[in-house]
Q: 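Would you mind keeping the following structure in view while I ask a few things?
Remember, it's 1-based here, ligands and their atoms both numbered in the order they're listed. Treat the numbers as computed from the prediction; the structure is a model and nothing was measured. Sequence positions, counted from 1, serve as the residue numbers for this chain.
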Amino acid sequence: MIKKPQGMLDFFPEETAKIQYIEAKARNVAARFGFGEIRTPVLENTELFARGVGNTTDVVQKEMYTFIDRDGPSLSLRPEGTASVARAIIENGKYGDAMPLKYYYLINCYRHERQQKGRYREFSQFGVEMYGSGTPAADASIIALADTLIKELKIQKVELHVNTIGCKNCRPAYYQKLREYFSARKDELCDTCKSRLETNPMRILDCKSEICKRIAKDAPKAIDHLCPECADHQKKVESYLKGMNIPFTLDTSIVRGLDYYSRTVFEFICRDERMGAQSTICGGGRYDGLLEEIGGTSLPACGFAIGITRLLPTVELPAECVKGIDLYIAPMGDAALEKAIVLVQTLRDAGYSADTDLVGRSLKAQMKYANKIGAAYTLVLGDDEILAGKAVLKNMRGEGSDEVNLDDLLGFAREHF
Ligand code: HAM
């Protein structure tokens, strides 16, 4: 028995119906906010993530699926979408397009994480990236986009947590404070964080190790070390959110696990019991330095990604989306099957959904099957019906039956399906 790789999932139509519903909602909301879809390769040069996401992050240090390609370069499966979009903007010279650039994506991502409910090695994300606006209104509108989608998916018990982590001007002094704080307890830190102390002390605030988490609890907070511009930016983001009636909590513990963020960071947390321990359904923020970091001309940017795979247990598929087929034709005998195949094809050509017996079932078994696949109507086709050119269409949702001319099945379909 060959099994799927650990941490990866199979999805069958009952589940993909829900995924398609979420994706359709996401596309719809993105379009209403003026975002167009971007598609980039699932593989990128490893260096893109090392520089973009950051060499000192867990994602790059521990979780990437990396291999040497047949002709040389080291490639990695994308662990997220932001770095790829940034690369695509630079490589395709999008600087001349109308600003802000607004792109969204629906992608699979790959992270070699320890599997648990809600945390997988292959998972899908809906993400948006906005480039070319440094205003706090841009941050607020990105958050509003995520909030709109979450509300329209009717996900319950969701909280928005917002924080700011400063910019390249205020960060050096803050890093110094963090180094001083953590140096005093260096021996207790995990090995990865010991090395992060010099390279990127803010990463320690996001370490998953219990002891590092405990030490990090009382560490200096970025919000207490902001430059006036960052403080003003944060105040305005908060004020816009209030204006739009989007409730949030200022949560100074949020630093995000990826290196490119500056100023605003946010997460939507879902407290629904069905979620398991992985309760963050959406994460994002501002990343004004990313383009420059990977060799492009700088543009301010903000965005987020929602984990679709993680959302699945909390989303109910509305009844109107659970649609069976319009008509099942149950043939009795070879001549009837020959006719049924033609009728079914005629209906399908006209845009209706129809099916017939492809496995040689008894009439009773066919009716059971028609029920199972949610047929709205059934039609039993025997020699008598073919001779008369007429048959009875039974309404399976309990509203009687109609006799129709087989030649005019399409006419009936137009009126009733
Ligand atoms: P992230 O926080 O790493 O951010 O991931 C965003 C969301 O993807 C998470 O909130 C979670 O719902 C989902 N997710 C992450 N890892 C897993 C996993 N192993 N299994 C299942 N779901 C997962 C980013 O990826 C950024 N690129 C977001 C962003 C876009 N920031 C700016 N633009």
Q: Looking just at side-chain N and O atoms, do Asp139 and His233 make a donor-acceptor pair shorter than 3.5 Å?
A: yes

Q: With heavy-atom distances below 4.0 Å as the criterion, list the atoms of ligand 1 near Cys282.
A: 10 (O)

Q: Taking atom types as modelled, find out whether Ser353 and Asp326 have a side-chain donor-acceptor pair closer than 3.5 angstrom.
A: yes

Q: Would you say the rings of Phe417 and Tyr377 are close, in the sense that their centroids are separated by under 6.0 Å?
A: yes

Q: For Thr82, counting its heavy atoms only, list the atoms of ligand 1 lying under 4.0 Å from any of them.
A: 26 (C), 27 (N), 29 (C), 30 (C), 31 (N), 32 (C), 33 (N)

Q: N/O to N/O below 3.5 Å, does that happen between Tyr260 and ligand 1?
A: yes

Q: Heavy-atom contact under 4.0 Å between Gly257 and ligand 1?
A: no

Q: So, Arg179 side chain and Glu198 main chain: donor-acceptor pair closer than 3.5 Å or not?
A: yes

Q: I need the nearest protein heavy-atom contact for atom 14 (N) of ligand 1: residue, atom name and distance, please.
A: Phe123 CE1, 3.5 Å

Q: Leu258 near ligand 1, heavy-atom distance under 4.0 Å?
A: yes

Q: Check the side chains of Gln125 and Glu80 for a donor-acceptor pair under 3.5 angstrom, ignoring hydrogens and angles.
A: no

Q: Will you find, in the side chains of Glu293 and Tyr287, an N or O donor that is under 3.5 Å from an N or O acceptor?
A: no

Q: Is there a heavy atom in Phe268 that sits closer than 4.0 Å to ligand 1?
A: no

Q: What is the nearest protein non-hydrogen atom to atom 31 (N) of ligand 1, stated with its residue, atom name and distance?
A: Tyr261 OH, 2.6 Å

Q: Are any side-chain N or O atoms of Arg348 and backbone N or O atoms of Ala354, one a donor and one an acceptor, separated by less than 3.5 Å?
A: yes

Q: So, regarding Ala305 and ligand 1 (criterion: nitrogen or oxygen to nitrogen or oxygen, under 3.5 Å), is there a contact or not?
A: no

Q: So, for Val265 and Ile254, which heavy atoms are closest and what is the spacing to 0.1 Å?
A: CG2-O, 3.6 Å

Q: What do we get for Glu129 next to ligand 1 when only non-hydrogen atoms under 4.0 Å count, side chain, backbone, both or neither?
A: side chain

Q: What's the shortest distance from atom 13 (C) of ligand 1 to any protein heavy atom, and which residue and atom give it?
A: Gly307 CA, 3.6 Å

Q: What part of Tyr287 sits under 4.0 Å from ligand 1 if we count only heavy atoms: the side chain, the backbone, both or neither?
A: side chain

Q: For Ala83 and ligand 1, answer yes if some heavy atom of the residue is under 4.0 Å from a ligand atom, otherwise no.
A: no

Q: In a check of side-chain contact (heavy atoms from CB on, under 4.5 Å) between Ser262 and each of Leu290, Asp288, Ile165, which one passes?
A: Asp288

Q: Consider salt bridge (charged side-chain N to carboxylate O under 4.0 Å, His left out). Of Arg256, Arg196, Arg203, which one does Asp58 pass it with?
A: Arg196

Q: Provide, to 0.1 Å, the distance between atom 9 (C) of ligand 1 and the closest protein heavy atom, together with that atom's residue and name.
A: Thr280 O, 4.0 Å

Q: Considering heavy atoms of the protein only, find what lies nearest to atom 20 (N) of ligand 1 and give residue, atom and distance to 0.1 Å.
A: Tyr120 N, 2.9 Å

Q: With a cut-off of 6.0 Å (strictly less than), are more than 12 heavy atoms of other residues, nucleotides or ligands near CD of Glu152?
A: yes

Q: Just checking, is any N or O donor in the side chain of Arg27 or Tyr104 under 3.5 Å from an acceptor N or O on the other one?
A: yes

Q: Check each of Arg111, Arg256, Glu80 against atom 3 (O) of ligand 1 and report the one with the nearest heavy atom.
A: Arg111

Q: Can you check whether Ser74's main-chain N or O pairs, donor with acceptor, with Thr46's side chain at less than 3.5 Å?
A: yes

Q: Work out whether the distance between some heavy atom of Tyr105 and some atom of ligand 1 is less than 4.0 Å.
A: yes

Q: Looking at atom 21 (C) of ligand 1, what's its closest protein heavy atom, distance included?
A: Gly118 O, 3.2 Å

Q: Taking N or O atoms only and a 3.5 Å limit, does Glu113 qualify as a polar contact for ligand 1?
A: yes

Q: Is there a side chain to side chain donor-acceptor pair (under 3.5 Å) between Thr82 and Tyr260 once you walk through the steps?
A: CA-CA 9 Å; Thr82 307; Tyr260 42 65; 3.1 Å; yes

Q: So if I count the atoms of ligand 1 from 1 in the order they appear, which ones are less than 4.0 Å from some heavy atom of Arg119?
A: 19 (N), 20 (N)

Q: Using a strict cut-off of 4.0 Å, indicate which atoms of ligand 1 neighbour a heavy atom of Gly283.
A: 10 (O), 28 (C), 29 (C)

Q: Determine, using heavy atoms of Arg121 and all atoms of ligand 1, whether some pair is separated by less than 4.0 Å.
A: no

Q: Considering non-hydrogen atoms of the protein only, which is the closest contact for atom 8 (O) of ligand 1, and what is the distance?
A: Gln125 NE2, 3.2 Å

Q: Just distances here: any N/O of Ile281 and N/O of ligand 1 closer than 3.5 Å?
A: yes

